[in-house]
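Note on naming: letters A, B, ... go to the chains in the order of the sequence lines (proteins, then strands), and numbering restarts at 1 for each one.
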Protein chains: 2
Amino acid sequence: MTPLRIRVLLVDDHRMFRAGVRALLEGEPDLEVVGETGDGEGAIRLTAELRPGVVLMDLRLAGEGGGMDGVEATRRILTTTPGAAVVVLTSYGTEADVVRAMTAGARGYVLKAGAPDELFQAVRTAAGGGVGLAPDAAARVVSRLTNPEPVLTEREVEVIRLVARGLSNRAIATSLFLTEATIKTHLVRLYRKLGADNRVGAVSEAVRRGLVELH
Amino acid sequence: MTPLRIRVLLVDDHRMFRAGVRALLEGEPDLEVVGETGDGEGAIRLTAELRPGVVLMDLRLAGEGGGMDGVEATRRILTTTPGAAVVVLTSYGTEADVVRAMTAGARGYVLKAGAPDELFQAVRTAAGGGVGLAPDAAARVVSRLTNPEPVLTEREVEVIRLVARGLSNRAIATSLFLTEATIKTHLVRLYRKLGADNRVGAVSEAVRRGLVELH
DNA sequence: CCCACCGTCAACCGTTCGGTTGAACCCAGG
DNA sequence: CCTGGGTTCAACCGAACGGTTGACGGTGGG
């Protein structure tokens, strides 16, 4: 039998982490790292060029120029290279993160806090056409399906993001070409959905859920 | 000559990252990983037991039980094992982070975004009794010394942390056994020091500077 | 077709916030 | 000794926020 190894592309903005994972994967006889990059653009390009069996993707890509995150990169990879298998490998696994990544078309989700074996298994599963979720991530997906937390509408997310930047209601209104009254209505609904009773608490909760990034 | 290798202890809450760095360090003939742990307590204990030449320490330790961060762990390690050489290896390198770590007694600061060689060199330097700063971190220390940004007092940090939790001025006042007037005075100074003009902006800036952690 | 939901806005209310001025106390350092 | 910084508080003001009620149009699913 031919020793066909699974060809892996690493996408992570931490060079040190890439080097570590590379060394880790090289220890597995059936895995092979064929490339690595630190930003979304590189990921899209290298996936098209190298046609890796699996793309290992971090969600937070601190790309200086632009700021595409891992979910966006995953989406674009799947449009330019439809057959690609993307496995998310990231630090935090909030429900919002997992759901966003999986709906974007990821074929796996592994936490950096997990054991190396979880990563190996997820890579092999994804390369075989399956979907591999680490236990932690899987639990969150299940809990999300059984106990759906209120989802913010697009407009509400837009508003809470501006609130997070410290804008006043009036400033948000002019920024979105609306009235202050409308902003207040959105805020009241945001407070209810986020379980807060003022704007700071709402921002804090939104950040915790991964809906907003500060700065 | 005896091939005495530098004995390294890994401290990072991401098991996957530990495995990766271990594989990376094992590739260097003069380096040797003698232990690893994911929380501060383990770091203190293992440093005392194993007496490693260098402790590689992440700043963010998501310890479920307790919540000691890397700086606190570093401080405690240096009290229980005075001779220890701690090198910080972390994701973010804000000025506040670098300064806090170095004043806690760290002998090096390396960013995960950096090249593996930076890590190797910092470890060797620290083991030799020196202080190794990666270029990025060093630049921030210098910029901090040349252009000192306003430092918040203890009380101010205390206040901004409660603000970040969504507490009202009145709630903060009762929480700290003060009057609302005092809280407002602190806030006005906080706005000036943080370059904000309302509480949300102040929290956002405080988070950016690493002074406050959300949730 | 109609209901539900989203998004928009108005008017009104009490509360809180943002900001200023002024003042008092303590403590460490020159 | 006394100057400066940190901390505490008071009184005051206008502006912004938090919340409610009610309303209207659009859109999509049952």
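In this structure, Glu154(B) atom CD and dG5(D) atom C1' are separated by 14 Å, rounded to whole Å. Straight-line distance from the NE2 atom of His186(B) to the C1' atom of dG5(D): 13 Å, rounded to whole Å.
An OP1 or OP2 oxygen of dT7(D) is reached within less than 4.0 angstrom by a side-chain nitrogen or oxygen of Thr153(B). Taking 4.0 angstrom as the limit, Thr182(B) places none of its side-chain polar atoms (N or O) nearer than this to OP1 or OP2 of dT8(D).
Helix-axis bend for the helix from dC3(C)-dG28(D) to dG30(C)-dC1(D): the local axis fitted to the five terminal pairs at one end deviates from that at the other end by 40°, rounded to 10°.
Shown here are the side-chain hydrogen bond (donor to acceptor under 3.5 Å, both in side chains) partners of Thr182(A), two or more places apart in sequence or in another chain: there are none. Scanning for salt bridge (Lys or Arg N to Asp or Glu O under 4.0 Å) contacts around Arg15(A) gives an empty result, with sequence neighbours left out. Checked against side-chain hydrogen bond (donor to acceptor under 3.5 Å, both in side chains), Thr153(A) has the following partners two or more places apart in sequence or in another chain: Glu156(A). Applying the side-chain hydrogen bond (donor to acceptor under 3.5 Å, both in side chains) rule to His14(B) yields the partners Ser91(A); only residues at least two apart in sequence or on another chain are considered. For Glu158(A), the side-chain hydrogen bond (donor to acceptor under 3.5 Å, both in side chains) criterion is met by Arg155(A), not counting sequence neighbours. Arg124(A) meets the salt bridge (Lys or Arg N to Asp or Glu O under 4.0 Å) test with Glu28(A), Asp30(A); sequence neighbours excluded. Take Arg161(B) and apply the salt bridge (Lys or Arg N to Asp or Glu O under 4.0 Å) test, not counting sequence neighbours, and it matches no residue.
First and last contacts of DNA chain C with chain B, using any nucleotide atom under 4.0 Å from a protein heavy atom and ordered 5' to 3', fall at dT16(C) to dT20(C).
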Could you pull out the protein-nucleic contacts involving nucleotides 13-17 of chain D (nitrogen or oxygen on both sides, under 3.5 Å)?
from, atom 1, to, atom 2, distance (Å)
dC17(D), OP1, Asn169(A), N, 3.2
dC17(D), OP2, Asn169(A), N, 3.1

Taking only N/O atoms, report every protein-nucleotides 21-27 of chain D pair under 3.5 Å with atom names and distance.
none

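Here the straight-line distance linking atom CE of Met16(B) with atom CG of Asp117(A) works out to 9.5 Å at 0.5 Å rounding.
No donor-acceptor pair under 3.5 Å is formed between the side chain of Arg7(A) and the backbone N or O of Val34(A).
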Counting only pairs under 3.5 Å, give me each side-chain donor-acceptor contact of residues 163-170 of chain A, with atom names and distances, residues two or more places apart or in other chains.
from, atom 1, to, atom 2, distance (Å)
Ser168(A), OG, Ala171(A), N, 3.2
Asn169(A), OD1, Arg199(A), NH2, 2.3

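Nearer the 5' end of DNA chain C, as judged by each residue's closest nucleotide, is the contact made by Arg155(A), out of Arg155(A) and Ala196(B).
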